[in-house]
Amino acid sequence: MSGFLAILARDLKLARAESGGALLAVQFFALGALLFPLGLGPEPAMLSRIGGGLLAVMALLATLLALDRLFQQDHEDGTLDLLLTAPTPLWSLVMGKTLAHWLLTGGPMIVAAPVLGILLQMSWPAIAGLVVALALGTPTLSLVGAIGASLTLGARRGGVLLALLVLPLYIPVLIFMSGTVTAAETGLAFGAHVSILGALLLLSLVLAPWAAAVALRQTGE
């Protein structure tokens, strides 16, 4: 646990030292969501109808944007070699880094989502559904992304390869995040969508840190 907390605190401190760089993902999330109405038109009914799916897609892309830095800096400055030889289980260190990634990407997006939902003319039930969907979906995106980031670490054109690896795995999360918002918008029960998002999160919590740790050890050998 001490190693987990130490790596979490370290990554958050490094992100704060980078100032604006740490919030790049949420800036992309907000700007992308605001650009669509400029291209599609300001018609309130249309914006309300597409707003939930649009914000879910932007959350996915914003998470992906920040993934290539998850292990890259540690790989370049030699910190990863120290982590591989640390007495703390590597999967717990991966958990700490992934939690830091989510706090710097998913957390701010959840905070910004209600404001963007209002700007996109979404109803309050849809905004509530969106917040629930992002709270369950974005941690899963970070966990699954950690596997892709570890597999592509050190590879040429790693960013493109990372996107090709991770995007197919993001599809179920995207479908059920959008489904939650759509059900909330239309007044239907969205418990089933939320349950599936919760199940995907639990499955990712169990498998993703272990899988990413195995991939990092392969990279270090």
Side-chain angles (χ1 to χ4, degrees), residues 15 19-69 101-145 148 159-160 162-164 166-201 204:
S19 60
L23 296 177
L24 183 63
V26 71
Q27 291 170 358
F28 176 82
F29 172 70
L31 288 175
L34 293 175
L35 284 176
F36 272 87
L38 297 178
L40 297 175
E43 205 273 314
M46 180 194 65
L47 294 178
S48 176
R49 186 174 67 254
I50 69 171
L54 170 62
L55 290 175
V57 171
M58 291 309 304
L60 183 154
L61 295 176
T63 301
L64 184 62
L65 179 68
L67 276 177
D68 62 343
R69 302 199 310 271
H101 174 270
W102 179 77
L103 289 173
L104 295 167
T105 57
M109 284 192 284
I110 293 170
V111 174
V115 177
L116 294 173
I118 293 171
L119 294 175
L120 292 173
Q121 308 292 328
M122 292 174 62
S123 65
W124 284 109
I127 292 174
L130 174 66
V131 171
V132 172
L134 290 177
L136 291 171
T138 51
T140 307
L141 296 178
S142 292
L143 286 162
V144 173
V160 177
L162 173 61
L164 292 175
V166 167
L167 282 177
L169 299 176
Y170 277 179
I171 291 175
V173 183
L174 176 62
I175 290 173
F176 290 105
M177 283 201 301
S178 299
T180 300
V181 180
T182 301
E185 173 76 28
T186 55
L188 300 175
F190 54 83
H193 295 86
V194 172
S195 297
I196 294 175
L197 284 174
L200 291 173
L201 175 57
S204 300

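Nothing fancy with the numbering, it's 1 onward along the sequence.
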| query | What residues, two or more places apart in sequence or in another chain, satisfy side-chain hydrogen bond (donor to acceptor under 3.5 Å, both in side chains) together with Thr63? | reply | none
Out of curiosity, [X] [atom1] to [Y] [atom2], how far, rounded to the nearest 0.5 Å?
X: Phe29; Y: Leu116; atom1: CZ; atom2: CG; answer: 5.5 Å
X: Leu134; Y: Leu60; atom1: CG; atom2: CG; answer: 11.0 Å
X: Leu24; Y: Leu104; atom1: CG; atom2: CG; answer: 11.5 Å

| Can you check side chain to side chain contact (heavy atoms under 4.5 Å, CB included) on His193 and Val132, steps first, answer last? | CA-CA 10 Å; His193 295 86; Val132 172; over 6 Å; no
State which residues pass side chain to side chain contact (heavy atoms under 4.5 Å, CB included) with [X]; sequence neighbours excluded, sorted by chain then number.
X: Leu201; value: Leu136, Pro139, Thr140, Leu143, Leu205
X: Ile118; value: Trp124, Ile127
X: Ala163; value: Leu64, Leu167
X: Phe36; value: Leu40, Leu54, Met58

Review item, side-chain donor-acceptor pairs of residues 170-182, under 3.5 Å, at least two apart:
residue : atom : partner : partner atom : Å
Tyr170  : OH   : Leu141  : O            : 2.6
Ser178  : OG   : Leu174  : O            : 3.1
Thr180  : OG1  : Phe176  : O            : 2.7
Thr182  : OG1  : Ser178  : O            : 2.9

| task | Indicate yes or no: at least one non-hydrogen side-chain atom of Ser48 is less than 4.5 angstrom from one of Leu120. | result | no
| query | Given the rule in the side chain to side chain contact (heavy atoms under 4.5 Å, CB included) test, do Phe190 and Leu197 qualify, once you have shown the distances and angles that lead to the verdict? | reply | CA-CA 11 Å; Phe190 54 83; Leu197 284 174; over 6 Å; no
| task | Among Ile50, Leu47, Leu55, find the one that has a side chain to side chain contact (heavy atoms under 4.5 Å, CB included) with Met122. | result | Leu55
